[in-house]
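Working notes, structure below.
From a predicted model like this one, the values you see are computed outputs, not experimental measurements.
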Amino acid sequence: IMSGSNSYRLRCSLPAHEMDVRGLAAAAYPDGAFVSVSRDRTARVWVPNPSENQVFTEMHCMNGHSDFVSCVCIIDPNETYPRGLIATGGHDNNICVFSLDRPDPLFTLKGHKNTVCTLSAGKFGTILSGSWDTTAKVWLGEKCMMTLQGHTAAVWAVVILPEQGLMLSGSADKTIRLWKAGRCENTYTGHEDCVRGLAVINEVAFLSCSNDASIRRWMVTGECVQVYYAHTNYIYSLAVFPNGQDFISTGEDRTLRVWRKGECSQTIRLPAQSVWCCCILPDGDIAVGASDGVIRVFTESEERVASAQDLQAFEDELSKAIIDPKTGDLGDIRIEDLPGREHLNEPGNRDGQTRLIKEGSNVEAYQWSVSDGRWVKIGDVVGGSSQQNSKRVMYEGKEYDFVFSIDVNEGGPGLKLPYNVTDDPWLTAHNFLQKNELSPMFLDQVANFIIENTKGHTLGPAPATSTDPFTGNWTHMLSHTSHFIQLKVKTEVCYIPPVFSGAGRYIPGSGSGDQGFAADPFTGGSAYSSSSLPKATTNIFFPSTDGVMFEQANSTQILGKLRELNNTAPADRKLSDAALDCLQKLLLVVTDLKSQEQPTAEQINVLWRTSHWPEDIVFPVLDILRLAVRHPEVNAQLCGGTEGASLCNHLLGLMSPESRPANQMLALRILCNCFSGSHGRALLLGHRDTVLSRAGDLRVVSNKNIHVALATLVLNYAGRLYGQPTEIEAKAQCLSVASTALEVIHDKEAVFRLLVALGTTVAGDSTAKDLARSLGVNSQISKYVRVSDPAKVGECCRLVLDELQ
């Protein structure tokens, strides 16, 4: 929870423009100044007022567009223009470039065939522009240098990366593209609706925001490494703090949100529906522009905070806001079900949490402020329930019969659950919980809620929709049919450390058994018979935390196959003798445990390059990679830093459903073996969500080796999560992947490893046990109790059931 000292509070409100403020940028000159642009066709420069600490005054107004101005950027100072220049883009398809000493443009850049809606300035005076005409253009001086073509819809966002020659564009076609010297080098997919904003974190990472109400963090190499949820509607703009970690976002849900350490740490509501733009000023203050024509500046500094009476005026303005429930931000409201004012006596549990109460026949919305320790009124809700409405609802660009708002009782924003009467409520509930990373414990509750709230509905035909030109979507024309439920999250978590006698533990050895263990339960090297094991008093099976590797190596066979396939490889992919030697030496170094030699950078490089061989011949190389990642040096090189994300992505590609089974299996084995080093473990824990879900999808391939490798991967994840009760979401994924895999997997070794994974996941963690019970794990695995060949399956199953009693 944020302490009062570093929460943003109002510094000033500037009634700056007659219409929406569409763009803001911190200016190069004078100190502390910024520029705003508006639908009122003007651009204005604001400077701090020396006599009044809090306030800004308008220093300069620029006119040059014949229509709305929608974006602005600052061109860095150079010898000719020591104060820098200001570029603005507008609905007249033009870009105007201004200096600070005259109101009309120095020059105008013409070339786009539709609204210019985004601008970014690079080094040496380059400008990158994006337009509704689906292109981005690169300008230098008064000339267009390049047109970047490839998007299939409006380019809403562009940004120039610090590394020279790299540019990003985000589009209404839901993709982001990376351009190098005018060529598209990469396409990033993941957003489910228009991409609206981009912001650079550093040379290798950036953020994007979208109409799908999510913010994504990407590596330039292509991986989406995080998705941030908190906004309840379209997100229009982003800005990153100088520390390169924290950032801010604004959107159509009336909010500015401050993100620290990956969490939404503060939510500031504004008395305007659309918060179009934001920028961070040199002193760390935040400026935002909105649809009411006002620029508001927020500060963490006590010296610059607005006077008590200005703060009160802002709060009064907010409390008078009329919130239309049709925007769906608050869910469906049934007045009779709402609590009264006494509900505000209970403190909130998260900054920005909203609460609705009834006051007579009115509904009022309040938001919890951590810094003030009180509920602040954020408006009156008009229009009440829209439940009688039979129109279909737009959500993420598709039409649904219902869009429910599900409140997860963490005080977070309502999560949207779209549903059509023809859908299966259980599947819908399952997908909703997965998408929002919620505990599968809630499956019954959500499914029953859907069934309950859609009874007896006959739905009319879809209305003709009309598009809002600014949001690029249909939201303002809609009536949401949405409902409100609360998922009660179990809070009494008691953590009991496992009681164990160390006597019966086996340490997986590095013997030569099929999967690389000495006498231990995974290889059955010293096969158990039921008689030799008393009714399990010591649990030799789980928790299994050492990680299980695929160690078996037949170097001669692997190298023989590699040379044979190299002879048939296409000419341009044939390996030189030197490259083959590299791979041979590497294989010998990583399989000889007594070897004093270290793999060289060149060998690792050749291995990585060759692992991208054509998929019909790559398998011996993948087998070498499987053995090599166990070596600390290779593990550090291939799993650390940005290489790690690339390795992970490459393996995920090899595991795609259309890939060859041999490659799918080897990719799974490589992932299992990555757990042998700290870099590999960190990499895989960081990408757990995608790795485990892609791996889980391979359960449907009927191949014993794939199933054993999949089970081992789940087991290795479970081992890393053991003893970490806070990692309940990760454990939930292990449980769900293991449980769905057990539905289709029959191979006894794979079943055994999945049972060990389940046991390890629930051992000593009462919440995980509750989760496993609610998923029906007990009844699902009870059939294995009777397995006596191999005996370890039945034994382990009994122990897991004991844990779940």
Side-chain angles (χ1 to χ4, degrees), residues 223 225-226 434 437 439-440 498 508 515-517 521-522 541-550 626 629-630 635 639 644-645 647-649 651-652 654-655 664-699 706-742 745 749-765 767-769 771-772 775 777 781 796 800 803:
E223 305 74 40
V225 288
Q226 200 165 356
Q434 264 200 329
E437 296 180 357
S439 156
Q515 309 298 350
F517 290 87
F522 290 99
F541 301 113
F542 61 84
S544 162
T545 57
D546 298 323
V548 178
M549 306 304 145
F550 289 88
R626 161 182 74 88
V629 291
R630 301 168 312 152
N635 196 285
C639 299
L647 172 66
C648 201
N649 251 21
L651 295 174
L652 287 169
L654 291 166
M655 286 157 60
Q664 292 171 333
M665 175 200 65
L666 286 164
L668 286 167
R669 289 184 170 185
I670 293 164
L671 289 166
C672 291
N673 287 3
C674 284
F675 276 95
S676 59
S678 58
H679 290 89
R681 290 194 289 269
L683 172 70
L684 292 186
L685 286 169
H687 291 263
R688 165 189 56 77
D689 198 13
T690 31
V691 169
L692 269 180
S693 57
R694 177 68 57 88
D697 293 343
L698 294 179
R699 68 185 183 280
I706 286 180
H707 290 170
V708 172
L710 161 58
T712 311
L713 183 62
V714 182
L715 172 56
N716 285 354
Y717 269 110
R720 296 316 302 169
L721 298 169
Y722 172 71
Q724 303 191 44
T726 54
E727 289 285 351
I728 191 64
E729 282 181 326
K731 290 184 172 197
Q733 192 184 14
C734 287
L735 287 176
S736 109
V737 172
S739 156
T740 47
L742 281 167
I745 287 179
E749 183 59 34
V751 166
F752 170 66
R753 293 184 185 204
L754 288 168
L755 290 170
V756 177
L758 287 171
T760 303
T761 305
V762 300
D765 185 334
T767 319
K769 286 180 190 175
L771 184 52
L775 286 173
V777 168
I781 65 173
C796 185
V800 177
E803 286 282 327

Could you check whether any side-chain heavy atom of [X] comes within less than 4.5 Å of a side-chain heavy atom of [Y], counting everything from C-beta outward?
X: Leu647; Y: Cys639; answer: yes
X: Leu742; Y: Ile781; answer: yes
X: Val737; Y: Tyr717; answer: no
X: Ile745; Y: Leu710; answer: yes

(request) Can you see which heavy atom on Cys672 is nearest to which on Asn716, and at what distance? (result) O-ND2, 3.3 Å
(request) Identify the heavy atoms of Ala757 and Val714 that sit nearest to each other, and give their distance. (result) CB-CG1, 4.0 Å
Calculate, to the nearest 0.5 Å, the distance between atoms [atom1] and [atom2] belonging to [X] and [Y] respectively.
X: Cys796; Y: Arg753; atom1: SG; atom2: CZ; result: 12.0 Å
X: Leu754; Y: Leu735; atom1: CG; atom2: CG; result: 11.5 Å
X: Leu713; Y: Phe675; atom1: CG; atom2: CZ; result: 6.0 Å
X: Leu715; Y: Leu758; atom1: CG; atom2: CG; result: 10.0 Å
X: Leu698; Y: Met655; atom1: CG; atom2: CE; result: 5.5 Å
X: Met549; Y: Cys674; atom1: CE; atom2: SG; result: 9.5 Å

(request) Kindly indicate, with the supporting measurements, whether the criterion side-chain contact (heavy atoms from CB on, under 4.5 Å) is fulfilled by Val762 and Phe542. (result) CA-CA 10 Å; Val762 300; Phe542 61 84; 5.6 Å; no
(request) Could you tell me whether the side chain of Arg669 and the main chain of Phe550 form a donor-acceptor pair under 3.5 Å? (result) no
(request) Answer yes or no: is there a donor N or O on one side and an acceptor on the other, between the side chain of Thr760 and the main chain of Ser544, under 3.5 Å? (result) yes
(request) With sequence neighbours excluded, give me every side chain to side chain donor-acceptor pair (under 3.5 Å) pair touching residues 670-689. (result) Arg688-Gln733, Asp689-Gln733
(request) Please identify each residue that fulfils side chain to side chain donor-acceptor pair (under 3.5 Å) with Gln226, with sequence neighbours left out. (result) Tyr228
(message) Tell me if the centroids of the rings in Phe541 and Phe752 come within less than 6.0 Å of each other.
(response) yes
(request) Using the side-chain contact (heavy atoms from CB on, under 4.5 Å) rule, take Cys734 and Leu692 through it: C-alpha gap first, then chi angles, then the decisive distance, then the call. (result) CA-CA 8 Å; Cys734 287; Leu692 269 180; 4.1 Å; yes
(message) Under the criterion side-chain contact (heavy atoms from CB on, under 4.5 Å), I'd like the reasoning laid out for Arg720 against Leu684: C-alpha separation, chi angles, the key distance, then a yes or no.
(response) CA-CA 10 Å; Arg720 296 316 302 169; Leu684 292 186; over 6 Å; no
